[in-house]
Amino acid sequence: MLIGNMISFAGACFTLLSAWSRDRKRIYLYQAGQCLLLAVANIFFASVSGVTTYALCTVRNCLLACDGFTARRCALFVVAVAVLGLYANNRGLVGLLPIVTTVLYTAGCFYAKRTKAIKLNMIINLVLWAAYDLLVGDYVSAVVDSVSAATALVSILR
């Protein structure tokens with residue numbers, strides 16, 4: 001648990017950078033770094049669905065940063081997250097939360113093109129992940145996701 005929280009702290013730095021950034025490409029690159037670290041952290045939280053979901057999110061965010069996220073790829077990621085997430089779910093109802101959260105965020109990423117829409121999608125995503133983080137004992141990520149959601153809101157208003 002301690003190792004997972006330490007890795008989550010490193011991922012948290014990327015979460016905050018993403019929430020504060022004004023550049024679409026940087027937002028998604030920071031999120032790719034965050035997801036990669038959180039995939040590793042979820043190994044220590046014994047959440048296979050979290051590992052699977054975060055790994056897919058890493059690839060998705062790289063595609064978003066490089067303008068390679070097409071409608072077909074969006075559909076592919078939604079299906080992959082749903083199918084692989086359900087298959088890998090070892091946490092019951094709690095394990096469904098990363099799947100639902102990621103499916104919603106992935107669809108939102110396809111439609112959100114402007115920074116404000118991206119940030120609103122991010123805020124919803126961060127609030128849902130904060131709930132999941134609390135349920136699996138990833139307290140560092142829960143705090144950082146909550147602070148990052150607030151940071152993104154402040155960033156929208158500035």
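Residue indices begin at 1 and follow the sequence shown. Keep in mind it's a predicted model, so treat the numbers as computed, not measured.
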Verdict with reasoning, L63 to F77, per side chain to side chain contact (heavy atoms under 4.5 Å, CB included): CA-CA 11 Å; L63 288 170; F77 273 90; 3.6 Å; yes
Counting only pairs under 3.5 Å, give me each side-chain donor-acceptor contact of residues 2-17, with atom names and distances, residues two or more places apart or in other chains.
from: N5; atom 1: OD1; to: Y139; atom 2: N; distance (Å): 3.2
from: N5; atom 1: OD1; to: V140; atom 2: N; distance (Å): 3.1
from: N5; atom 1: ND2; to: M1; atom 2: O; distance (Å): 3.0
from: S8; atom 1: OG; to: G4; atom 2: O; distance (Å): 3.0
from: S8; atom 1: OG; to: D138; atom 2: OD1; distance (Å): 3.1
from: S8; atom 1: OG; to: D138; atom 2: OD2; distance (Å): 2.9
from: S8; atom 1: OG; to: S141; atom 2: OG; distance (Å): 3.3
from: T15; atom 1: OG1; to: G11; atom 2: O; distance (Å): 3.2
from: T15; atom 1: OG1; to: Q34; atom 2: NE2; distance (Å): 3.2

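- Annotation: side chain of I118 is in contact with side chain of Y28 (closest heavy-atom distance under 4.5 Å).
- Scanning all heavy atoms of the two residues, the minimum distance from V48 to A88 falls at CB-O, 3.3 Å.
- N121 contributes atom CG, which lies 15.0 Å from atom NZ of K116 (distance to the nearest 0.5 angstrom).
- Y54 and L135 end up in the same hydrophobic cluster when Ile, Leu, Val, Met, Phe, Trp and Tyr side chains are linked at under 4.5 Å.
- For V40 against F44, the heavy-atom pair with the smallest separation is O-CD1, 3.5 Å.
- One hydrophobic cluster holds both V94 and L38 under the rule that ILVMFWY side chains link at heavy-atom gaps under 4.5 Å.
- Under a hydrophobic clustering in which Ile, Leu, Val, Met, Phe, Trp and Tyr are joined whenever their side-chain heavy atoms come within less than 4.5 Å, directly or via other members, V51 and L36 fall into different clusters.
- Every side chain to side chain donor-acceptor pair (under 3.5 Å) that Y132 has, sequence neighbours left out, goes to N42, S47.
- Rounding to the nearest 0.5 Å places CD1 of I27 at 5.0 Å from OG1 of T115.
- Considering all non-hydrogen atoms of both residues, S146 and A142 come closest at OG-O, 2.9 Å.
- The two residues P98 and T53 have their closest heavy-atom pair at O-CG2, 3.6 Å.
- Heavy-atom neighbours of L157 CG from other residues, nucleotides or ligands within 6.0 Å: above the threshold of 12.
- Pairs of residues two or more places apart, or lying in two chains, never qualify as side-chain hydrogen bond (donor to acceptor under 3.5 Å, both in side chains) while including a residue from residues 70-84.
- Listed by first then second residue, pairs satisfying side-chain hydrogen bond (donor to acceptor under 3.5 Å, both in side chains) with a partner in residues 88-99 number zero, not counting sequence neighbours.
- Contact of the L86 side chain with the I99 side chain is registered, since non-hydrogen atoms from C-beta on lie closer than 4.5 Å.
- Residues S155 and K119 share a closest heavy-atom pair of OG-NZ, 2.7 Å.
- In the model, N125 has a side-chain atom that pairs as donor or acceptor with a side-chain atom of W129 under 3.5 Å.
- Proximity of N61 to L64: side-chain heavy atoms (C-beta onward) are separated by under 4.5 Å at one or more points.
- Rounding to the nearest 0.5 angstrom, the gap separating the OH atom in Y30 from the OG atom in S18 is 9.0 Å.
- The hydrophobic cluster of L76 has no other members, since no ILVMFWY side-chain heavy atom comes under 4.5 Å of it.
- A continuous path of hydrophobic side-chain contacts links L104 to I124 [ILVMFWY only; heavy atoms under 4.5 Å].
- Clustering ILVMFWY residues whenever any of their side-chain heavy atoms sit less than 4.5 angstrom apart, transitively, puts F45 in a cluster other than the one holding I43.
- The stretch residues 95-109 participates, sequence neighbours left out, in these side-chain hydrogen bond (donor to acceptor under 3.5 Å, both in side chains) pairs: Q31-Y105, R60-T106.
- Using a 4.5 Å heavy-atom threshold, the side chains of W20 and R26 count as separate.
- Considering all non-hydrogen atoms of both residues, C62 and A32 come closest at SG-CB, 3.8 Å.
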